[in-house]
**Student:** 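One structure coming up, written as structure tokens, with questions to follow.
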Amino acid sequence: MASKHQTLEQLIVPTVEALGFVVWGIELFSQGKHSKLQVFIDSPEGINLDDCEKVSRQISSILDVEDPISGEYTLEVSSPGMDRPLFTLAHYEAFKGHQVQLKLRSPYEGRRKFKGVITGVENDEVVVQVEDHEYLFAIDLIEKANIIPQF
């Protein structure tokens, strides 16, 4: 049986791609009876408000019919932004050399939060240089990761 996240991907990705955009990532937050579904979309030309509205209408229509989320939920469609979240190994590879802020699902060496530079990807692990120490984090252990914008 497919997980809720896999089901959402199967419904959302083809819809977004048919509109000419890429799904950067999907996050579902459950908060009691109410949930929040965030869909991050991207394109080489960038994303504007009209793009988000168009994608939101299409996703809403499909979710209304398929009803994969029980109870009430809020749908948010946006660009990943400058502090874009990273979801896949390909994202980490594409942002090699950039600063990242990570939060792990469980503590590693007594801490869950790390800030450093992405130096690469090895198998299913992300390599992050934190000051003078290099860490390898399995992608499954990373709860959240965001690029730190540089100005």
Side-chain angles (χ1 to χ4, degrees), residues 1-44 46-47 51-52 55-56 58-60 62-63 66-150:
M1 186 169 157
S3 73
K4 186 171 285 199
H5 194 272
Q6 289 171 324
T7 301
L8 288 168
E9 279 184 351
Q10 291 168 356
L11 294 171
I12 293 169
V13 171
T15 303
V16 172
E17 288 177 351
L19 293 169
F21 304 105
V22 174
V23 173
W24 182 260
I26 298 171
E27 290 186 316
L28 178 64
F29 303 98
S30 296
Q31 302 153 337
K33 293 181 189 175
H34 197 80
S35 300
K36 179 168 72 171
L37 175 61
Q38 287 184 306
V39 179
F40 299 97
I41 60 172
D42 208 0
S43 82
I47 298 297
D51 298 333
C52 294
V55 169
S56 179
Q58 290 297 317
I59 292 173
S60 289
I62 287 171
L63 296 181
E66 298 294 331
D67 201 23
I69 302 171
S70 57
E72 296 179 26
Y73 69 92
T74 301
L75 171 63
E76 291 181 7
V77 176
S78 68
S79 102
M82 291 180 66
D83 63 342
R84 64 182 52 224
L86 303 177
F87 295 99
T88 67
L89 288 170
H91 290 167
Y92 289 95
E93 187 65 41
F95 283 89
K96 194 161 64 172
H98 287 79
Q99 282 204 330
V100 67
Q101 189 162 332
L102 296 171
K103 182 177 179 186
L104 304 178
R105 295 185 195 288
S106 57
Y108 180 79
E109 293 184 356
R111 59 194 262 208
R112 291 181 57 201
K113 294 181 180 181
F114 293 83
K115 186 188 289 187
V117 176
I118 302 168
T119 58
V121 172
E122 294 179 13
N123 301 317
D124 67 342
E125 295 181 318
V126 177
V127 185
V128 179
Q129 182 78 31
V130 179
E131 295 169 1
D132 60 347
H133 190 79
E134 193 171 78
Y135 292 93
L136 272 73
F137 298 115
I139 188 125
D140 295 342
L141 297 180
I142 299 172
E143 181 178 318
K144 187 173 181 67
N146 290 82
I147 292 296
I148 299 171
Q150 301 297 306

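The chain is numbered in sequence order, starting from 1.
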**Student:** Below 4.5 Å, heavy atoms only, C-beta onward: do Leu19 and Asp51 meet side chain to side chain?
**Tutor:** no
**Student:** Using 0.5 Å steps for rounding, measure from the NZ atom of Lys36 to the CG atom of Leu75.
**Tutor:** 11.5 Å
**Student:** Is any side-chain heavy atom of Ile26 less than 4.5 Å from a side-chain heavy atom of His5?
**Tutor:**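 When only atoms from C-beta onward are counted, His5 and Ile26 do touch, with a gap below 4.5 Å.
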**Student:** Using 30° and 60° as the class boundaries, would you call the ring planes of Trp24 and His91 parallel, tilted or perpendicular?
**Tutor:** parallel
**Student:** Where do Ser78 and Cys52 come nearest, in terms of heavy atoms and distance?
**Tutor:** CA-SG, 3.7 Å
**Student:** If we only count heavy atoms from C-beta on, is the Leu89 to Val126 side-chain gap below 4.5 Å?
**Tutor:** yes
**Student:** Going by ring-ring contact (aromatic ring centres under 6.0 Å, His included), name the residues that satisfy it together with Phe29, two or more places apart in sequence or in a different chain.
**Tutor:** none
**Student:** Counting distance only, does the side-chain N/O of Arg112 pair as donor-acceptor with the main-chain N or O of Leu104 below 3.5 Å?
**Tutor:** yes
**Student:** Which word best sums up how the rings of Phe95 and His98 line up, parallel for under 30°, tilted for 30 to 60°, or perpendicular for over 60°?
**Tutor:**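 Phe95 vs His98 ring planes: perpendicular.
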**Student:** Does a sphere of radius 6.0 Å around CG in Asp67 hold more than 12 heavy atoms from other residues, nucleotides or ligands, not counting ones at 6.0 Å or beyond?
**Tutor:**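 Above 12, so yes.
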**Student:** Measuring from Ile41:CD1 to Thr15:OG1, what's the distance to the nearest 0.5 Å?
**Tutor:** 12.0 Å
**Student:** Looking at Gln150, I want to see if its CD is surrounded by more than 12 non-hydrogen atoms of other residues, nucleotides or ligands under 6.0 Å.
**Tutor:** yes
**Student:** Give the C-alpha distance, both sets of side-chain angles, the deciding distance and a yes or no for side-chain contact (heavy atoms from CB on, under 4.5 Å) between Ile147 and Ile118.
**Tutor:** CA-CA 9 Å; Ile147 292 296; Ile118 302 168; 4.3 Å; yes
**Student:** Parallel, tilted or perpendicular: which one describes the rings of Tyr108 and Phe137, with boundaries at 30° and 60°?
**Tutor:**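 Because their plane-to-plane angle is over 60°, the rings of Tyr108 and Phe137 count as perpendicular.
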**Student:** Between atom CD1 of Ile69 and atom OG of Ser35, what is the distance when rounded to the nearest 0.5 Å?
**Tutor:**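 Between atom CD1 of Ile69 and atom OG of Ser35 there are 6.5 Å.
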**Student:** Kindly check if the number of other-residue, nucleotide or ligand heavy atoms within 6.0 Å of CD (Glu109) is above 12?
**Tutor:** yes
